[in-house]
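Note sheet for the following structure.
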Amino acid sequence: MSETREHRLKRLRMRSMRRGIKEMDIILSRFAGARLDAMNNEALDLYEALLGESDHDLYQWVSGQASPPQPYEALIGQIAAQISRAQ
């Protein structure tokens, strides 16, 4: 049985909120709240893969301290832009 879109969005929001590093909890939960509903399945697949990455790597990518791997460049740019809008 496949997962419904509604269940998947809830699961991804929960994974975004419970990262381990408080900064990433805040950053990703705000991004998820603002953007997940509008994402298509391909974008959700990429976001879900991103959630599998280390919080330390994610923080460095989002903060501009390190360059993200090519598959994540645009998504990290969207997350960084979301942070800028929230400030």
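These numbers come from a predicted model, not from an experiment. All residue numbers refer to positions in the sequence shown, counting from 1.
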Please report the interatomic distance [atom1]([X]) to [atom2]([Y]), rounded to the nearest 0.5 Å.
X    : Y     : atom1 : atom2 : result
Ser2 : Arg8  : OG    : CZ    : 11.0 Å
Leu9 : Ser16 : CG    : OG    : 10.5 Å
Arg5 : Met39 : CZ    : CE    : 9.5 Å

If hydrophobic clusters are built from ILVMFWY residues whose side chains come within less than 4.5 Å, do [X] and [Y] share one?
X     : Y     : result
Ile26 : Trp61 : no
Ile27 : Met17 : no
Met14 : Leu44 : no
Leu12 : Leu75 : yes
Leu36 : Met24 : yes

Regarding Asp55 and Lys22, does a basic nitrogen lie under 4.0 Å from an acidic carboxylate oxygen? no

Taking the side chain from Arg35 and the backbone from Arg30, do they hold a donor-acceptor pair closer than 3.5 Å?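 No, Arg35 side chain to Arg30 backbone: no donor-acceptor pair under 3.5 Å.
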
Counting only N and O atoms by type, is there a donor-acceptor contact under 3.5 Å from the side chain of Arg19 to the main-chain atoms of Leu51?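 Side chain of Arg19 to backbone of Leu51, a donor-acceptor pair under 3.5 Å: yes, one is there.
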
Within the 4.5 Å heavy-atom criterion, are [X] and [Y] side-chain neighbours or not?
X     : Y     : result
Val62 : Leu28 : no
Ile79 : Gln82 : no
Tyr72 : Leu58 : no

Residue Arg11 excluded, over 12 heavy atoms near CZ under 6.0 Å: yes

Test side chain to side chain donor-acceptor pair (under 3.5 Å) applied to Thr4 and Glu6, step by step: CA-CA 5 Å; Thr4 65; Glu6 179 182 346; 5.5 Å; no

